[in-house]
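Step one of this worksheet: look at the structure below.
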Amino acid sequence: MLEEVERWLARRSWSVADRPLERILAAKRGTKVSVVLPALNEEATVGAIVSVIRRELMSDAVPLVDELVVIDSGSTDRTAEVAAAAGARVVARDAILPRIPAVPGKGEVLWRSLMVTTGDVICFVDADLKDFSADFVSGIVGPLLTDPDVAFVKAMYDRPLGDTPGQGGRVTELVARPLLNLHWPRLAGVVQPLGGEYAARRSLLERLPFPVGYGVELGLLVDALHTVGLDALAQVDVGVRKHRHQDGRALGRMAAAIYRTAQLRLSRSHLVRPRLTQFERGEDGFVPRTYAVDTEERPPMAEIEEYAERRDVA
């Protein structure tokens, strides 16, 4: 590991206990905090997450979060209804920036969320978390409120696979971590580079391109490094993350999108073939299924006319 990374680990890696809520609230002053949950068919978990945030971080006693928004990206279940009943403001993905047709993907939802939130600090939280703790929000928002030099904070945590400790995050260990260590060694100290819980200053996020799909976490992390430098990045240990795991084929598609995101950043010239063929067993043997790999990115939000107009009005 680079000496610079060792110093960063000592200087910019914390535990949630390092910043009690009282300290965070005292440092908040006039800073507005928005929490965004991207959601697609998450009726089983989204309500509990919203309820915890509202009860523990949006009360008169603890007014840490100013805005809680669930962006529904086309759910066919009761996600929107459950989230609204729990107290979130629910916005349909396709209603945001209608001039630009929406495409499927988590990154698309996160990018569009900048248009419908007003916070100076934006905190993203996946909507499939189980046994959710408010530490996932306060832990990663805290450094942004207490340290003006920090611009981007990732959550770090244990990731069990079922009942097996430490075996979650398979795409992280097989794809993302090798890529970062080989090509961006200054990011080798990031424990959960693909984790969906992170917070950043709006002033940074609006300057970054957003890969529309699974590559969004790696893309934002790499681009944040190049935009604000390693010392502006940080990570906070928030405990254990439990969520719904995807099957092997879905993980393969995720891995391909992440590799493509990295490849694009390594060379803005010729891209590898943006297709991934996987195999399923059928009645007559293995059947190939070919999927498109995300090859689109959204430009920095600061370049979008509607966003600029909204910021001028604000």
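Treat the numbers as computed from the prediction; the structure is a model and nothing was measured.
The hydrophobic clustering, which links ILVMFWY residues whose side-chain heavy atoms are closer than 4.5 Å, places Val16 and Leu21 together. Both Leu205 and Leu218 are assigned to one and the same hydrophobic cluster, defined by single-linkage of ILVMFWY side chains at heavy-atom distances under 4.5 Å. In the hydrophobic clustering of this structure, Tyr157 groups with Val35; members are Ile, Leu, Val, Met, Phe, Trp, Tyr whose side-chain heavy atoms approach within less than 4.5 Å, directly or through other members. The hydrophobic cluster containing Val150 does not contain Val191, counting ILVMFWY residues as joined when their side-chain heavy atoms lie under 4.5 angstrom apart, directly or transitively. A continuous path of Ile, Leu, Val, Met, Phe, Trp and Tyr side chains, each step under 4.5 Å between heavy atoms, connects Leu221 with Leu2, placing both in one hydrophobic cluster.
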TODO: Report the C-alpha separation of Val125 and Phe132 in whole Å, then their side-chain angles, then the decisive distance to 0.1 Å, and conclude whether the side-chain contact (heavy atoms from CB on, under 4.5 Å) test is met.
DONE: CA-CA 10 Å; Val125 176; Phe132 178 76; 3.8 Å; yes

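Side-chain contact check for Lys32 versus Val121: every heavy-atom pair is 4.5 Å or farther apart. Residues Asp126 and Glu197 have side chains in contact (heavy-atom distance under 4.5 Å, counting atoms from C-beta outward). Looking at heavy atoms from C-beta onward, Ile304 lies in side-chain contact with Pro299 at the 4.5 angstrom threshold. Taking the side chain as every heavy atom from C-beta outward, Val228 and Phe152 never approach each other to under 4.5 Å. Pro300 places none of its side-chain heavy atoms less than 4.5 Å from the side chain of Glu206. A 4.5 Å side-chain heavy-atom check between Arg298 and Val103 finds at least one atom pair inside the cut-off. Proximity of Val62 to Glu56: side-chain heavy atoms (C-beta onward) are nowhere separated by under 4.5 Å.
Between Asp147 and Arg12 there is a salt bridge, with a side-chain nitrogen of the basic residue lying less than 4.0 Å from a carboxylate oxygen of the acidic one. Ion pairing of Arg78 with Glu42 is absent here, as no side-chain N (NZ or NE/NH1/NH2) approaches a carboxylate O to less than 4.0 Å. Salt-bridge check for Arg241 with Asp158: failed, with every basic side-chain N at 4.0 Å or more from each acidic carboxylate O.
Applying the salt bridge (charged side-chain N to carboxylate O under 4.0 Å, His left out) definition to pairs two or more places apart or across chains, those involving residues 90-103 are Arg99-Glu306.
The side-chain hydrogen bond (donor to acceptor under 3.5 Å, both in side chains) test applied to Tyr198 returns Glu217, not counting sequence neighbours. With sequence neighbours excluded, no residue forms a side-chain hydrogen bond (donor to acceptor under 3.5 Å, both in side chains) with Ser73.
Between Ala200 and Leu144, the closest heavy-atom pair is N-CD1, 3.7 Å.
Both tests do not hold together for Arg186 against Trp8: distance to the six-membered ring centre under 6.0 Å, angle to the ring axis within 45°.
In this pair, Phe124 and Phe210 present their aromatic rings perpendicular. The plane angle is above 60°, beyond the 30 to 60° band.
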